[in-house]
2 protein chains.
Amino acid sequence: MSHSFMDQGSEGYNEVRPTFYIGQHDSTRSETLNESQYGRILNAGFGFVTTPITNEDFHERVVNLLRELSLDAKNSAQAGSIPDPVVPPLTIEDTTLFPSTYTSGLVAYASPWIDLCSPNHAVSSISRQVLNLEVSYANFCGIRSIIVPGPRQDAAKTGNGQGITQYARAIQEAFSIGTRVNLIIHIPMYREPGLEDKVALLSIDEDKSQTTLEGEDIDLFSAWDSWHVIRSVCEYDSRLFVALKIPRVLPEKELQTRWFSEPLQYLTFGPQTFQSNRAGRPCLSRYHQEMICIYMRLKNAPYFLLCDVGPELQAEPDNTQAAAAEPTTDFPSLAEAATQQSAGTTHTLQPLNVYASYFRHLERQQEPLSDLEQTTLTNFQDWLQSPLQPLSDNLESMTYEVFEGDPVKYFQYEMAIAAALRDWAAQGKPTSSPGGEVVIAVAGSGRGPLVTRALRASESTGVPVKVWAVEKNPNAYVYLLRQNQQAWGGRVTVVKTDMRAWKGPILSTSTSSDSPVYGNVDILVSELLGSFGDNELSPECLDGIQHVLAPGHGISIPASYTAHVSPIATPRIYADIQQRATTGEENAFNTPWVVRLFALDFVAQRVPDRPRFQQAWEFAHPLPRATLEAVEARRAGGVAGGGGGSMAGAVGANDHNARHCHLTFVCRSRGAIHGLAGYFESVLYESTAASTGEGEDGKVELSILPENIDRKSKDMISWFPIFFPLKEPLYFPPDTELEVSMWRQTDDAKVWYEWMVEAFMWVGPSQRVKVGGSGLCSSRKVACLL
Amino acid sequence: MSHSFMDQGSEGYNEVRPTFYIGQHDSTRSETLNESQYGRILNAGFGFVTTPITNEDFHERVVNLLRELSLDAKNSAQAGSIPDPVVPPLTIEDTTLFPSTYTSGLVAYASPWIDLCSPNHAVSSISRQVLNLEVSYANFCGIRSIIVPGPRQDAAKTGNGQGITQYARAIQEAFSIGTRVNLIIHIPMYREPGLEDKVALLSIDEDKSQTTLEGEDIDLFSAWDSWHVIRSVCEYDSRLFVALKIPRVLPEKELQTRWFSEPLQYLTFGPQTFQSNRAGRPCLSRYHQEMICIYMRLKNAPYFLLCDVGPELQAEPDNTQAAAAEPTTDFPSLAEAATQQSAGTTHTLQPLNVYASYFRHLERQQEPLSDLEQTTLTNFQDWLQSPLQPLSDNLESMTYEVFEGDPVKYFQYEMAIAAALRDWAAQGKPTSSPGGEVVIAVAGSGRGPLVTRALRASESTGVPVKVWAVEKNPNAYVYLLRQNQQAWGGRVTVVKTDMRAWKGPILSTSTSSDSPVYGNVDILVSELLGSFGDNELSPECLDGIQHVLAPGHGISIPASYTAHVSPIATPRIYADIQQRATTGEENAFNTPWVVRLFALDFVAQRVPDRPRFQQAWEFAHPLPRATLEAVEARRAGGVAGGGGGSMAGAVGANDHNARHCHLTFVCRSRGAIHGLAGYFESVLYESTAASTGEGEDGKVELSILPENIDRKSKDMISWFPIFFPLKEPLYFPPDTELEVSMWRQTDDAKVWYEWMVEAFMWVGPSQRVKVGGSGLCSSRKVACLL
């Protein structure tokens, strides 16, 4: 979505802040603004303005249609056989909206007097026709965004889904009629009894006035629920958005984050949303300001639409209207334009609207974007990436460079190696080198960043090392050789091989046969972790090289890693994946995507024994010798080998790397999840002596868990989370427990994940019933190859 | 599924009854029967027999494997790092099952001592391997059906889905390993506390003996729920079936019909299921017998598997075993075979098993199949047919002949015409014929059955008529002309035209210009109804011919018709549609299928204000004149015409035939629905005078509603129900209300349906929460063309 006319650029600040686009809506406006009026609103500090599509005359005609029908029905013996009236086409009398130079600066506001939810068939039928006529006409005029008033409060209150379902079906049809427009549903954050907009209803039955709902309990999530039905029926159409009415009293965070995850196009504010400051000017509460700050960090940040806050245009002298209605000039004369321009800048003829200027003030209060946010992070928000297959692909230099650009990650590795070297020296452990140096091998060296860190750790601790760099990528190998010449002073031995085929450091070459004698490695350093820890096959790779590790005292950095999951609502990503699935990416829903999850809502509560983030499983290295031997035996086959009872009839040579977990998450409010967010943590090294430089518990760790990253590896950006999508959103009622089953599956040739969610609702202190579940999802078709 | 060896043919009865296939299972059997033992079981009255796949030696080896692991774990410092043992491949010691001549007569029974649901990772892993090994080996040996013991009771009792989910995932994998076998899950109708089969568990932890569950409340639907998870995870695999354990005390009908709708392969009976009759011989309760009668009406009726009811084979002399183990002869000698044969028939050496002979007795007690069931109805069970498009297709003579073969339908039509003629005469209404005859037009005459009935009605009532037969099918037109010559004595005027283009009966041809003068029709008779009433466009066709009807007093037969729906569970049909959807029929889930629904469960209760079958909408003919004029005006276009606000921007010429309904159904027990069953009723004619010959209320009606068909049009077979499928089964908890939204949509060119179901659960006397819903389903892509 873009409004090119809104490109207001920077306003003289060096720092980049989120840009505020501020629009104006007047609910009493019944005619499209003429060019002069439009200019005055821009000059009052607004970037765009709404327009009705049809006028009062049209409204009256439609109401008369309904009135006639009612008379017919009374006179007709055969009840129910009168067909619903057909609303005749628009005429010149019905609208003041026409294609013009500034149409692109207008946002249409569909007639609020229709009632798509009405149980009266004639009313809902006429309402649908009015919406279709308006959408079709606005689409013709070049309007790109149409705000449609949301379902009426009383429709939602009837307790059944009838009204909302009708409404949703009507919106779906409007998309097929307005083939280019976005439809934006105007809906409150939550329904406040008695605060429903008072608009003339499309109803001739005057006694059926709206019932007062004050004093009723507020159902916080009912407005969201209506929205969820609408967008579900519209199948997450990419042209469907929310215009969110911000209330005077903000709801709890849970509802704020729910809306944060939805496709917000506008935040709308009425005068009642504002407080007054000491000078009597409008302002928003601290909570509103905080929420705006959060919402404005979205890549596609919402625009602001200020409703019924002025400026008044009625008092304007009529000559400008006449001039604008004059069809001889499409553009204002240069003189006119100049006058308007100066009027806007000098603030003499047209003072800035106080509400708009308050939002400009808020804009200046926004925290500037950090360099990282500007260059990278904002762009990566919710952008789906296929996971790497480093085992089967050879990476390019640029990719390495991006990875190496994370100082935090390599600092942690250096700390881990240093701690290991200190412990090694302090404990007087034997080394695998005849010269007494600790033998370090960097498995999968890439362009060598960990080699550099290993050398530095040796220097800082004074513990001598022999470093081997093992790399399968023939291009990176060349780079490593040059690094060794230029940066490492020839201190490193570079080996070009798949780590699983490496026989270990060559100690000597026996003179008799020229066959080398291989030694062991003391510390095996690797950076094979993916967003979910084991998803780039670190366990399998390290198994494959473990035979070079010194038995008994050799260690692996990382020493262990864990995978963690949390169920999330992420409708925008779901819409993206669905789009891909329907346009040829048949495995879109089977793929665990790497993605900087941003517009999401963690639906799980933080409760002590059922936390929001739960560990799925763990891998630790090195494996016990017995395990490795059993694995070797299976791979060799025979009676002692694999039995063929494993996955897909495999011998089970990799079965020790299969995992399974079953986790329970608690949800207080109703909602719908779209998949599972996945994260990892890793203990690079855990010091036996509580020396300095590591975490408080002697551990050097990496973490991308939202709750731990700041404590364990703040500002680390190497990994985005992973997302396991569900094929269908899973709706759940309040007081639900979501049970997640997850598997790391393997046959002898590949590794994949499976995941499944079931929802159980508490309906009493001791009764829990199943209310739904996802199917079993699997990435078997896009499995990682060994 | 077929067991060719079981083709036991008729046993001397002229009438055809459902055939009983009776098998034998011995839970203590640990070896495959040899050929002689197998023959003895056949001779005892059984048609097939089960075999274990592996033996006690194998069981012992697996348990030892687990025991060693347990010791290893105790000795290992690093808990959890011991890999699960890999079960070695089968050897000659592990099994007595080999491919042989009678393998196809064997049903394999998988080892019951495994526990796929175990929370102990090693136990569940080994269990999966055992299952995979057994399935793989049985598949190799040529076995076609493997019964797998269902999830253990304690797994289901833990209250969460973990165990069942694991179990289901293991079954899914077994399908990929046993590529040709059917897997049949052995599961009770409901779980009876304390009645779990007592089998040696795969567990070395002896204190963890099974807890007694007696005295607990019975959760009637929990076994079904487990099954539902299993088949959902297996995505309704067509090779997955149920072996249903029949309890001694049958549950309420609701659960019996639930299982009736599932893919039942076996009904299994143990000695405890039986009572004793006065002679001390086993028999089943009256309720069991009734249930069996109902289940045996299924096209794919279940087989019977009698468990642990003898005959005993242990006492058998060893020489036959030795002979059978002798690998020199694959087949019994002719002499041996003759001996066995005569043994079976003379009952001297081998008496019939009392249980088996009781089932033979039951077989003879079955109600014979009616002619109609034999020839047609049974074959049509649950067989999906695409609805006819009679408007765009010209039918063949055979198709007409099938339709004409329903005497009930045409009898009702004749009654309706006769009643109308009687009323006409009694009331002295004017006629459209100058000669005073009542003018009858049969619109869409086909081969003329209604013309015949109209003439008969005239004869029986003595009211003179003039009959016009209007038919668009040029081939049927020829047939009608011949009928007029040969059967109707030239009394009928046959017109070849689309009824919508017919100008009416020609009264005279004016001499001046040769342009004919058209008259009116008094009674318009048509048979355009589909399974859902309006689904073959009867409303649109009758609108199109209504202009010929005498204004004011002309009538239509049918006078009105209504559509009715009910949500249903029909897993077999769902599996069929899914199969089609995945093999190229992309609209399989968008199609309202015509189908003789049989293996179904009506999930909705019969409650007074929310009945099981609810009316969706009604059509009545003729339309009021004002409506018809409005439609004409719209079709003509212009300002007074359509407005473009209708569906897809149409002018709305057919909007008066759009319909919408919102219905609420009540479900007491949990379940899952797969779609909506649709039916119709029609009032052909409602007599103003309560004359004889019609229904008690003066109405002559047609109905295919299960609750009304016997009262209104018993034995009418012209219409099967219609089925509106859901894309995904919709699960619902107990005390749920299902809200059905349904639309008959139309633009100016076509007609289609949309349907959607939402589930709301009562969680207290006044609180109802939404728990899930289907997406919006639509037949727009396979719409009926006008």
Verdict with reasoning, B:Gln578 to B:Thr582, per side-chain hydrogen bond (donor to acceptor under 3.5 Å, both in side chains): CA-CA 6 Å; B:Gln578 200 191 37; B:Thr582 52; over 6 Å; no

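- Looking at A:Met647, both its backbone and its side chain come within 4.5 Å of chain B, counting heavy atoms on both sides.
- With a threshold of 4.5 angstrom between heavy atoms, B:Val769 approaches chain A through side-chain atoms but not through N, CA, C or O.
- Looking at A:Trp762, there are no atoms closer than 4.5 Å to chain B (heavy atoms on both sides), in backbone or side chain.
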B:Thr627 and B:His656: CA distance, side-chain angles, deciding distance, side-chain hydrogen bond (donor to acceptor under 3.5 Å, both in side chains) verdict: CA-CA 8 Å; B:Thr627 304; B:His656 63 291; over 6 Å; no

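- Within the 4.5 angstrom heavy-atom criterion, atoms from both the backbone and the side chain of A:Val771 approach chain B.
- A:Asn132 and A:Tyr137 are not linked by any side-chain donor-acceptor pair at a separation below 3.5 angstrom, with hydrogens and angles left out of the test.
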Intermediate values then yes/no, salt bridge (charged side-chain N to carboxylate O under 4.0 Å, His left out), A:Arg768 and A:Asp735: CA-CA 10 Å; A:Arg768 211 181 70 139; A:Asp735 294 319; over 6 Å; no

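- Contacts between A:Gln172 and chain B at a heavy-atom distance below 4.5 Å involve the side chain alone, from C-beta outward.
- Using a 4.5 Å cut-off between heavy atoms, A:Glu134 makes no contact with chain B at all.
- For the residue pair B:Asn657/B:Thr746, the side-chain donor-acceptor check at 3.5 Å is not satisfied.
- Contacts between A:Gln745 and chain B at a heavy-atom distance below 4.5 Å involve the side chain alone, from C-beta outward.
- Contacts with chain A were tallied for B:Glu728, B:Glu754, B:Glu235, B:Arg128; B:Glu754 has the most, counting heavy-atom pairs under 4.5 Å.
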Steps toward side-chain contact (heavy atoms from CB on, under 4.5 Å) verdict (B:Val62, B:Gln129): CA-CA 10 Å; B:Val62 173; B:Gln129 294 176 56; over 6 Å; no

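- When each of B:His121, B:Glu737, B:Arg169 is scored by its heavy-atom pairs under 4.5 Å with chain A, the top score falls to B:Arg169.
- A distance of 10.5 Å separates CG in B:Leu131 from OG in B:Ser136, rounded to the nearest 0.5 Å.
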